[in-house]
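See structure below.
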Amino acid sequence: MQKNLVIVESPAKAKTIEKFLGKDFKVMSSYGHIRDLKKKDFSIDIANGFQPIYEVPADKKKLVEELKKQASDSDIVWLASDEDREGEAIAWHLYEVLGLNPEHTKRIVFHEITKNAILHAIETPRDIDLNLVNAQQARRILDRIVGFELSPVLWRKVKPALSAGRVQSVAVRLIVEREREIQAFTPEAAYRVIGIFIVTAANGDKSELKAELNKRFKTKEEAEAFLNSCKSTDFVIEDIQTRPGKKSPAAPFTTSTLQQEAARKLGYSVSQTMSVAQKLYENGHITYMRTDSVNLSDLAINTAKEEIFSTMGERYWKYRQFQTKAKGAQEAHEAIRPTDLKKEKVEGTAQEKKLYELIWKRTIASQMADAELEKTTATIGLATTSEKFVAVGEVLKFDGFLRVYLESSDDESESSDSGLLPPMKVGEVLNMKNITATERFTQRPARYSEASLVRKLEELGIGRPSTYAPTITTVQNREYVEKGDKEGTERSFTVLTLSKDKIKEQTKTEITGADKAKLFPTNIGVVVNDYLTENFPNILNYSFTADVEKEFDSIAEGDLNWVQALDKFYGPFHTTVETSLAAKQERKVGERLLGNDPKTGKPVSVKIGRFGPMVQIGSNEDEEKPQFASLMKGISMEEMTLEQALKHFELPRTLGEYENETITVAVGRFGPYVKFGKLFVSLPKGANPMETTLDEAIELIEAKKKQEAEKFIKKFDEEPELEVLNGRFGPYIAYSGSNYKIPKGTDPKVLTLDECMTIIKDQPAKKTTARKTKAVKEPKATKEPKAAKESKVAKTAKEPKATKTTKATKTTKK
DNA sequence: CAGTGAGCGAGCTTCCGCTTGACTT
């Protein structure tokens, strides 16, 4: 029997801490929350003071049993979950579920995993802060209310199985609105003028000086007039200014900034970054990767100092403490940094090595000196006009942190290739080599990437480090948003060049508006967003989260009763939900009438059907059943024309004959496909079924046939139900509806039936279909007795040490 | 997965934040 049991949230943390604490302490992990609102059902008793109905999820039952056992075998249980709202709630749920004895339970917190921090925590235990717990319960309950009342409205009004929520719906809104801004954007042209001048040094050496005019011209005529005025005039250096400048390093990584930089510098998706970081964390290489703090421990700052002193010298070091700017940051952890800054590299996969290096550099750079610059500006005047040419040169005097790391930026603005300016003096007359006026266009707003969407959400205080990646995944899974590429369009522009007193006009072309791996709203995303913003503007408001966070803060401070806060929100919200459900609109949400079919005269419309966007000829009231067709990918419902809609009814299209079978092309449940006899082949991504040719179809069919042939490896006469097949994840055995992995290093071709049967016996069967097995109807569970819980809550507060806790007890008891 | 789609209608879907593995045909 051990004396002490410490419970933390993460197993990796548990392992580290156990080392610090010695053999009198056993350290276990709760793996996050151990109890939550019941997964099914609403599970909030609104009428009874928003009483939550909690359950231990099935996959946590075993863990909870083990924790219970260990707790009862210990003298003291130390609840050491994070020091934020969620962490406090985890401690409280543990206390409740494990049935801990208040006399033998202590709550401790620490922000950094160092021996000193932990020993200090042990010396200064406190009680569970019920105000903070109540703030978490309010947060949890509010999210459940919003999600579980809003989603069914969408099922009814738009399409089944859709979802809405405080975080995801705003994420979708950002993307829809950005797309609208892009659509509404009209580029404006202006002529940018650049002159190349020759500077002659005292020794006769010549060098070129590039300078830009301090004015842009709206029209070609104006630009031309300016160039004409440059034909016979002197260019004189009127002024040379030299100013010192400096650059400072960025703060150490948080989850959000790590995701952004890994995307820009390494090309990782947000979820990729998180899983690589998770590995680094588990291997003890970095601190916790889900954090909103930019804080570094004293230990880390000192190690960085030593490292910089020894490898680069004292001049490169500067002590820095960064302030967290993110709205609603809870700072339960440190910034993301290497656990040992002396290690510049670690072992691991290529991805892990690269991400570690990035984290190491960013952390070291954050404790380094500013880079010092010298910026020189030369102004060149001409007699004929008041405009000036300006040449800018920038020289790095001291590299400082730039020696290690420079943060990337999202906008790929025109590169300013400013270097050192040639030696010149005021009054010097320059020879002009040429002057060009180039037509340039203003840039449309940029589409969001996964990482830039995360940055925006963080800026708005929406979502938490642990949910950024899952949120990005959710909005894509729900098919509100798609990650994709967009080909640019060609645009021509005019270049006027003045050289040797002659003006030459050229027309050049450039590609504009191309995008890679950016987020686009889908038709469903647009329709759902418009419906929600119109009917639930309050929830969809960008400041909704920030506003409720203020309330949660008041609850945590003990200044606001959580039930009253929820009540204030729920009344108006629920009324809006009811009226929205009752509202009978003329048309289905998102439906647009496009005109009439020239053949039949029937109305043609586009709307969201049960299976997604579709076009329809005829109306449901007609005697005759309307014709339907799924919308082809990449066509926007908002911009669709009658002509485009009618095109959908040209499918299925017969392409021709091949090996005595007809080949047709059509759009189905899983997108466009080619049909050849009984064989279905999906068209490749982005292909247009209207343009598919017979040859392309035959190619696809042959490829599919080949794949089918390769799929089959072997079969046994004695057991027709068993097949050895080749799948996406390598060879496997299919046997009576289940699949079995073949152990690594086994050649599937030489497997005998006996060997196959052994593999099958040793592995649990996996269902071939992802389809959930029909849930057996459980008898309605009797409502959890909540009275018992209540009394425990009161006990947790351990006699009124602070007035805060007493107040909280009252509110919970209500 | 399978290449549809109202109509009769039961029963299903859904949230955000804490945490990891298990596992994909």
Side-chain angles (χ1 to χ4, degrees), chain A residues 8-13 29-37 39-43 59-60 63 81-82 84-87 89-90 93 136 139-155 159-169 275 278 281-282 288 290 330 332 462-468 470-471 474 478 545 607 609-612 614 616 618-622 625-630 651-652 664 666-675 680 682 711 725-734 738-741 764 766-772 774-775 777:
Chain A
V8 296
E9 290 177 39
S10 140
K13 203 174 180 178
S29 160
S30 73
Y31 292 81
H33 276 293
I34 52 140
R35 192 168 71 160
D36 189 15
L37 291 176
K39 211 167 144 43
K40 299 254 162 208
D41 312 330
F42 197 64
S43 303
D59 59 337
K60 286 286 171 72
L63 171 73
S81 45
D82 296 342
D84 58 10
R85 205 161 62 202
E86 297 297 326
I90 288 174
H93 281 301
Q136 192 274 347
R139 197 281 303 156
R140 180 66 189 93
I141 291 166
L142 177 98
D143 281 337
R144 172 58 68 89
I145 289 173
V146 171
F148 274 40
E149 292 215 1
L150 235 38
S151 299
V153 177
L154 295 178
W155 304 342
K159 184 170 121 58
L162 292 176
S163 66
R166 174 176 59 80
V167 173
Q168 59 168 285
S169 295
S275 68
Q278 174 88 30
Y281 170 67
E282 283 169 12
Y288 198 58
R290 289 186 274 263
Q330 307 202 6
I462 299 171
R464 304 278 316 129
S466 67
T467 59
Y468 294 139
T471 301
T474 301
R478 295 268 172 273
T545 290
K607 66 180 175 194
R610 264 210 297 157
F611 306 116
M614 64 177 200
Q616 175 178 335
S619 77
N620 295 344
E621 289 91 57
D622 284 355
K625 190 182 159 170
Q627 273 182 279
F628 303 102
S630 280
L651 293 173
T664 54
V667 176
R669 166 94 173 77
F670 303 102
Y673 65 95
V674 169
K675 194 177 166 203
F680 292 93
S682 289
K711 183 183 168 196
L725 302 171
N726 225 335
R728 257 208 300 159
F729 306 97
Y732 67 100
I733 299 169
S738 296
N739 295 331
Y740 304 86
K741 229 189 303 189
K766 276 144 215 157
K767 289 272 175 317
T768 42
T769 54
R771 215 173 282 277
K772 276 177 243 162
K774 276 249 157 76
K777 237 184 157 183

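In what follows, chains are A, B, ... by sequence order, proteins preceding strands, each numbered from 1.
For B/dC15, one of the phosphate oxygens OP1 or OP2 lies less than 4.0 angstrom from a side-chain nitrogen or oxygen of A/S163. The side chain of A/Q616 places no N or O atom within less than 4.0 Å of a non-bridging phosphate oxygen (OP1 or OP2) of B/dG5. Within the structure, a side-chain polar atom (N or O) of A/R478 is placed less than 4.0 Å from OP1 or OP2 of B/dC15. For B/dC15, the OP1/OP2 oxygens have no side-chain nitrogen or oxygen of A/R140 closer than 4.0 Å. OP1 or OP2 of B/dT19 sits under 4.0 Å from a side-chain N or O of A/R290.
Computed from coordinates, the A/Q278 CD to B/dG21 C1' distance equals 9 Å when rounded to whole Å. In this entry the distance linking CG of A/D59 with P of B/dT20 reads 14 Å, nearest Å. We find that CG of A/L37 is positioned 10 Å from C1' of B/dC16, with the value rounded to whole Å. Residue A/H33 contributes atom NE2, which lies 13 Å from atom P of B/dT20 at whole-angstrom precision. Look at CD on A/E282: it is 11 Å from P on B/dA22, rounded to the nearest Å. Computed from coordinates, the A/L162 CG to B/dC15 C1' distance equals 14 Å when rounded to whole Å. Taking atom CE of residue A/M614 and atom P of nucleotide B/dT4, one finds them 14 Å apart after rounding to whole Å.
Ranking B/dC16, B/dT14, B/dT13 by closeness to the A/K40 side chain, first place goes to B/dT13. Here the nucleotide nearest the side chain of A/P11, chosen from B/dG17, B/dT19, B/dC15, is B/dT19. Nearest to the side chain of A/Q168, among B/dG21, B/dT14, B/dG5, sits B/dT14. Side chain of A/V167, nearest nucleotide from B/dC15, B/dT13, B/dG17: B/dG17. The A/Y673 side chain lies nearest to B/dG3 when the options are B/dC16, B/dG3, B/dT19. Nearest nucleotide to the side chain of A/R610, out of B/dC16, B/dG5, B/dG21: B/dG5. Residue A/S466 places its side chain closer to B/dT19 than to any other of B/dT19, B/dC15, B/dT13. Nearest to the side-chain atoms of A/R144 among the listed nucleotides B/dC15, B/dT20, B/dC18 stands B/dC15.
Using a 4.0 Å heavy-atom criterion, one finds that A/G87 contacts no nucleic acid atom at all. When heavy atoms are screened at a 4.0 angstrom cut-off, A/L142 is found touching no nucleic acid atom at all. Contact annotation for A/V146: no contact, since no heavy-atom pair falls under 4.0 Å across all strands. Among the protein residues, A/G612 comes within range of the nucleic acid bases, having at least one heavy atom under 4.0 Å from a base atom. A/A89 comes within 4.0 angstrom of nothing in the nucleic acid, heavy atoms only. A/T467 comes within contact range of at least one nucleobase, with a heavy-atom separation under 4.0 Å. Within 4.0 Å of A/R464, counting heavy atoms only, lie sugar-phosphate atoms of the nucleic acid but no base atom. Nucleic acid contact for A/S29: none, since no nucleic acid atom lies under 4.0 Å from a heavy atom of the residue. Across all strands, A/G165 comes closer than 4.0 Å only to sugar-phosphate atoms, never to a base (heavy-atom distances). Across all strands shown, A/K625 has heavy atoms under 4.0 Å from base atoms, whether or not it also approaches the sugar-phosphate. Among the protein residues, A/S151 comes within range of the nucleic acid bases, having at least one heavy atom under 4.0 Å from a base atom. In this structure, A/E149 reaches neither bases nor backbone, as no heavy-atom distance under 4.0 Å exists between it and the strands shown. Contact annotation for A/Y281: backbone-only contact, meaning every heavy-atom pair under 4.0 Å involves sugar-phosphate atoms and none involves a base. Using a 4.0 Å heavy-atom criterion, one finds that A/Y468 contacts no nucleic acid atom at all.
Put simply, A/Y31 does not rest on the base of B/dC18: the two rings are not both less than 5.5 Å apart at their centres and under 30° in tilt. Ring-to-base geometry places A/F680 in a stacked arrangement with B/dG3 (centre distance under 5.5 Å, plane angle under 30°).
For A/E9 (side chain) and A/D82 (main-chain N/O), a donor-acceptor pair under 3.5 Å exists by modelled atom type. With A/S169 contributing its side chain and A/R166 its backbone, the two residues share no donor-acceptor pair below 3.5 Å. A/T467 places no side-chain N or O within 3.5 Å of a backbone atom of A/G463 that could act as its donor or acceptor partner. Remark: the backbone N or O of A/S151 is not paired with any side-chain donor or acceptor of A/S163 at under 3.5 angstrom.
Nearest-nucleotide mapping onto DNA chain B: of A/P470 and A/P152, the residue sitting toward the 5' end is A/P152.
A/S630 contributes a side-chain N or O that forms a donor-acceptor pair with the base of B/dG5 under 3.5 Å.
With both ends at atom C1', the span from B/dC1 to B/dT24 equals 14 Å, rounded to whole Å.
Screening A/H33, A/Q136, A/R85 for a side chain to side chain contact (heavy atoms under 4.5 Å, CB included) involving A/I90 leaves a single residue, A/H33.
Side-chain atoms of A/S10 and A/Y31 form no donor-acceptor pair, as typed in the model, at a separation below 3.5 Å.
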Show your reasoning for whether side-chain contact (heavy atoms from CB on, under 4.5 Å) applies to A/L154 and A/K159. CA-CA 6 Å; A/L154 295 178; A/K159 184 170 121 58; over 6 Å; no
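We find that A/K60 and A/D36 are not joined by a salt bridge, their nearest charged nitrogen and carboxylate oxygen being 4.0 Å or further apart.
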